[in-house]
Colleague: 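Take a look at this one; I'll ask things after.
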There are 2 protein chains.
Amino acid sequence: MSDGARETSLDTIQRELTAFARRARAAAARLHPELPLVSYTLLAHIDDRQGCRATDLAAHYLLDKSTVSRQIAALEKMGLVERRPDPDDHRVQVLHPTDAGTRLLASTQASRLAAYEERLKDWSAEDLAAFAGYLLRYNATGDTGPPAPIGESWPKPRP
Amino acid sequence: MSDGARETSLDTIQRELTAFARRARAAAARLHPELPLVSYTLLAHIDDRQGCRATDLAAHYLLDKSTVSRQIAALEKMGLVERRPDPDDHRVQVLHPTDAGTRLLASTQASRLAAYEERLKDWSAEDLAAFAGYLLRYNATGDTGPPAPIGESWPKPRP
DNA sequence: ACATAACCGTTGTACTATACAACTGAAGGG
DNA sequence: CCCTTCAGTTGTATAGTACAACGGTTATGT
């Protein structure tokens, strides 16, 4: 297969992922004016890994700690998460969703899922699985899940 | 029963696409501090469809016209696009990239492509093609949302 | 033919998300 | 004990965005 085909694929991937990114927020905002996209994402993560720290969130999403701090503050003010002191280390705050947070998250996820189902209703289960697999694979490269083992092409140290 | 599998795929797609969106901007900013993501995207579109109107951009990216107006103004101030009056309709401005815009876009696209190549170097050409195909299909499927402003069938031709 | 509607773009205002830098407070080592 | 490192907060600045109100332009209906 020619390099041209590979380049075309890369170009398409770049273009389409970017196009998606451009619309994701707007779509999310329309779908859930109550729980902004970022808050939703962080809340979902907190719920997923119960008891995570703000620093974990920052590392996972490549966000500045100040950004996370403010987002968490907002979530707390909305009564969706609570901070618990870590007895072992008084610097850290352990984050947990409140009942309200869990409930709101569930309902948000449900309607979000419904929107995706609507949008992807014509896709076969096989295509969905394959697409999901590619996305996972894509995001896994260069992700900050398990401490990056290898070269890590994106660390971007500040000069 | 395998509705569960379908739901899992949908959930993964939703989660991973969102994760991507979360990082796209940061990554783009690090990669090209000179040309912000949004400006880049709009400039690319203007270059792609030479002679498009601001309203086209707004419709395509689901942006408010005021947003596009300001972005265009910024691009113009940077000397990357120019507005030409449309003789047939004095309301519209026809947008064209300047030489500088074309050049900057080319260099930006090149290094962006290189970043993707680096990131996806382990993927086979077949996987890249399949992933690109899924993304195209995803983005091409009717844009959802309560507003559903206009028919907007999204032709999305690829050059 | 003209009033009215539809449309294109700009500007004023406000809000979210974000970064960077400076700071406080808490461990952890010499 | 200092000194460094780490977790989080706060001050400040900027991009990106939406919504609403507006001015100019074209299309439509009676």
Side-chain angles (χ1 to χ4, degrees), chain A residues 18 21-43 51-78 81 83-95 156-159, chain B residues 18 21-43 51-59 61-78 81 83-95 145-147 149-150:
Chain A
T18 304
R22 295 299 311 284
R23 308 206 234 113
R25 189 181 310 187
R30 292 193 220 291
L31 210 54
H32 283 285
E34 316 313 317
L35 187 61
L37 174 64
V38 174
S39 306
Y40 164 76
T41 308
L42 295 185
L43 180 56
C52 73
R53 307 173 352 251
T55 302
D56 299 339
L57 295 171
H60 191 94
Y61 292 107
L62 302 182
L63 293 173
D64 192 80
K65 54 187 179 169
S66 66
T67 301
V68 174
S69 175
R70 287 183 230 269
Q71 293 288 333
I72 298 301
L75 284 172
E76 188 188 32
K77 197 150 96 185
M78 287 187 273
V81 303
R83 305 149 132 131
R84 300 179 192 163
D86 182 340
D88 297 351
D89 186 338
H90 277 221
R91 291 172 302 181
V92 317
Q93 300 171 343
V94 186
L95 303 172
K156 275 312 172 194
R158 32 157 203 180
Chain B
T18 304
R22 296 299 310 284
R23 312 186 173 170
R25 191 187 305 188
R30 290 191 223 288
L31 210 53
H32 283 284
E34 314 314 318
L35 187 61
L37 174 63
V38 175
S39 307
Y40 164 76
T41 308
L42 294 186
L43 180 55
C52 73
R53 301 163 9 240
T55 301
D56 299 339
L57 295 171
Y61 292 107
L62 302 182
L63 292 173
D64 192 80
K65 54 188 178 166
S66 65
T67 300
V68 173
S69 175
R70 287 183 231 269
Q71 293 288 332
I72 299 301
L75 285 171
E76 188 188 32
K77 197 150 98 185
M78 287 188 274
V81 304
R83 305 150 132 131
R84 300 179 192 163
D86 182 341
D88 296 350
D89 186 337
H90 278 220
R91 290 172 302 180
V92 317
Q93 301 171 342
V94 186
L95 303 171
I150 280 193

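Remember, it's a predicted structure, so these values are computed and weren't measured experimentally. Residue numbers start from 1 in every chain, and the chains themselves are labelled A, B, ... in the order their sequence lines are given, proteins ahead of strands.
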Colleague: C:dT10 phosphate, OP1 or OP2: any side-chain N/O from B:R83 under 4.0 angstrom?
Modeller: yes
Colleague: If you look at every strand shown and take non-hydrogen atoms under 4.0 Å, does A:T67 touch a base, only sugar-phosphate, or nothing?
Modeller: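 The residue A:T67 makes base contact.
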Colleague: Find the distance between NE2 (A:H60) and CG (A:L42) and round it off to the nearest 0.5 Å.
Modeller: 10.0 Å
Colleague: So which atom in B:R83 and which in B:A73 form the shortest heavy-atom distance, rounded to 0.1 Å?
Modeller: NH1-CA, 4.1 Å
Colleague: Would you name the heavy atoms of A:P85 and A:P87 that are closest together and state the gap between them?
Modeller: O-CD, 3.4 Å
Colleague: Kindly say if A:Q71 contacts the phosphate of C:dT16, meaning a side-chain N or O under 4.0 Å from OP1 or OP2.
Modeller: no
Colleague: Roughly, in whole Å, what's the span from CG in B:D64 to C1' in C:dG9?
Modeller: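 Rounding to the nearest Å, CG of B:D64 and C1' of C:dG9 are 11 Å apart.
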Colleague: With sequence neighbours excluded, tell me which residues meet salt bridge (charged side-chain N to carboxylate O under 4.0 Å, His left out) with B:D56.
Modeller: B:R53
Colleague: About how many Å separate CG of A:L95 and CG of A:L43, when rounded to the nearest 0.5 Å?
Modeller: 10.5 Å
Colleague: Quick one: SG on B:C52 to CD on B:Q93, what's the gap to the nearest 0.5 Å?
Modeller: 11.5 Å
Colleague: Describe the nucleic acid contact of B:L63 in one word from base, sugar-phosphate, nothing, applying a heavy-atom distance below 4.0 Å.
Modeller: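 The answer is sugar-phosphate, as B:L63 gets under 4.0 Å only of primed atoms, P, OP1 or OP2.
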Colleague: Please find the earliest and latest nucleotides of DNA chain D, in the 5' to 3' direction, that have an atom within less than 4.0 Å of any heavy atom of chain A.
Modeller: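 The contact span of chain A on DNA chain D goes from D:dC6 to D:dT17.
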Colleague: So, using side-chain contact (heavy atoms from CB on, under 4.5 Å) as the criterion, who are the partners of B:T41 when residues are at least two apart?
Modeller: A:T18, A:R22, B:L37, B:Y61
Colleague: Rounded to whole angstrom units, what separation is found between the CD1 atom of A:I72 and the C1' atom of C:dT18?
Modeller: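 For the pair A:I72 CD1 and C:dT18 C1', the rounded distance is 15 Å.
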Colleague: Under the side-chain contact (heavy atoms from CB on, under 4.5 Å) test, which residues partner A:D86, sequence neighbours left out?
Modeller: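 With sequence neighbours excluded, A:D86 shows a side-chain contact (heavy atoms from CB on, under 4.5 Å) to A:D88, A:D89, A:V92, A:V94, given in chain and number order.
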Colleague: Considering only C:dA19, C:dT18, C:dC8, which nucleotide approaches the side chain of A:S66 most closely?
Modeller: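 For the A:S66 side chain, the nearest candidate turns out to be C:dA19.
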Colleague: Please report, rounded to the nearest Å, how far the C1' atom of C:dC15 is from the CZ atom of A:R70.
Modeller: 14 Å
Colleague: Output the single nucleotide from C:dC8, C:dC20, C:dT11 whose closest atom is nearest the side chain of B:R53.
Modeller: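 The closest nucleotide is C:dC8.
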Colleague: Applying side-chain contact (heavy atoms from CB on, under 4.5 Å), can you list everything that pairs with A:V68, at least two apart in sequence or on another chain?
Modeller: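 A:V68 satisfies side-chain contact (heavy atoms from CB on, under 4.5 Å) with A:A54, A:L57, A:A58, A:L63, A:I72 once adjacent residues are dropped.
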Colleague: Dump the pairs, protein N or O against N or O of nucleotides 24-30 of chain C, anything under 3.5 Å, distances to one decimal.
Modeller:
residue	atom	partner	partner atom	Å
C:dA27	OP1	A:D89	OD1	3.4
C:dA27	OP1	A:H90	N	2.9

